[in-house]
Amino acid sequence: MKKIALINDLSSFGKCSLTAAIPVISCLGVQACPLPTALLTAQTGFPSYYCDDYTNKMKHFINEWKKMNITFDGIYSGYLGSAAQIENVLCFLEHFKTEHTLYLADPVMGDNGHCYSIFTEELRNGMKELTKRANIITPNMTELCLLANKNCDQLFSHSSASKEDFLKRIEEIGHLLLNDAINEQTILVTGIVRHETAQAYMGNLAISKKESFYHETVFTGKSYSGTGDLFASVIAGSLVQGFSIQDAIKKAARFLQPAIEEASLENIDRNHGVHFEKYLNLLLQ
Ligand code: PXL
């Protein structure tokens, strides 16, 4: 059975990070192998939470898994709370990433033009080191701009421009990052919200040196905790299973769209995340 190492935190509430990744990867028929970076009573968007940091325990997973001669088909790193954790991920990659391993780096740093509380310049530089080494990265527009040192207000202000113009601007920033990548890379910009007169759309744009692919669905929801993690998990699992990036994106959108819409109709607080559990069956098709 194919295996993916999931380097992420375990947050009891928020339906993000490992609580999102493990069920999705399992439904896609891939073994989920978690390397927890921290335990949290709830994700950090809640007004109060307790965090037990696992930075110093991450090396035991590397040492023990080495002793077991484990190999991975995929490695997926997500939310990382500090530059020290990023150092540990770099060490993990040195031991476990081969030319046959698909490495997906999700540079979790912010959303909707705002940085998360963990953000520091050191974290940004660390994320740049991880994303350079990845085969696929899944930034949202805010994170894309942070990685490229661009002002994201300018990009967001074009969300009502023509579709072609808006996507071209995102693509240009993507190409700047592709030049820094060590491996052949796809930049998958997630959660692109585009406004037309009477309708909003949510889309994802895959940018590689050869080509770009854009896919969108009607957007009736709002922004929720964990949707980026659910999306990246579908992409990682599907690519490891040999699906094309285009099919992986369509599968992720088909799964997330109803989950977001239902949470929104029920007025669920954004911190609690979406009703993805009810739609996991859509990943089996
Ligand atoms: O979904 C990203 C994420 C993951 N893990 C934790 C978070 C967040 C976003 O805020 O706080 C702990």
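Note: hydrogens, waters and symmetry copies are ignored here, and every other heavy atom, side chains too, is used. Both counts, for ligands and for their atoms, begin at 1 and track the order of listing. Numbers here are sequence positions counted from 1.
- Inclusion of N8 in the set of residues having an N or O under 3.5 Å from an N or O of ligand 1 is not warranted.
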Evaluate D106 against T138 for side chain to side chain donor-acceptor pair (under 3.5 Å), listing each step before the verdict. CA-CA 5 Å; D106 189 2; T138 50; 3.2 Å; yes

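- Close contacts of ligand 1 with S17, meaning ligand atoms under 4.0 Å from a residue heavy atom, involve 4 (C), 5 (N).
- No hydrogens or angles considered: a donor-acceptor pair under 3.5 Å links the side chains of E216 and Y214.
- Taking the ring centroids of Y201 and H215, they lie at or beyond the 6.0 Å cut-off.
- Protein heavy atom at the shortest distance from atom 11 (O) of ligand 1 is T44 OG1, 2.6 Å.
- Among all non-hydrogen protein atoms, the one lying nearest atom 8 (C) of ligand 1 is Y79 CD1, 3.6 Å.
- Of all the atoms in ligand 1, the ones that sit under 4.0 Å from a non-hydrogen atom of C16 are 1 (O), 4 (C), 5 (N).
- In the displayed structure, E172 atom CD is contacted under 6.0 Å by more than 12 heavy atoms of other residues, nucleotides or ligands.
- Side-chain polar atoms of S225 and Q43 form a donor-acceptor pair below 3.5 angstrom.
- Considering backbone and side-chain N/O of Y116, none are found under 3.5 Å from N/O of ligand 1.
- At a threshold of 4.5 Å between non-hydrogen side-chain atoms, the residues Y54 and L35 do not count as touching.
- Here the protein heavy atom with the shortest distance to atom 2 (C) of ligand 1 is D229 OD2, 3.5 Å.
- Near S11, with a cut-off below 4.0 Å to any heavy atom, the atoms of ligand 1 are 12 (C).
- In D9, the part holding a heavy atom less than 4.0 Å from any atom of ligand 1 is the side chain.
- Relative to the ring axis of F72, K97 does not place its NZ or CZ within 45° and under 6.0 Å from the centre.
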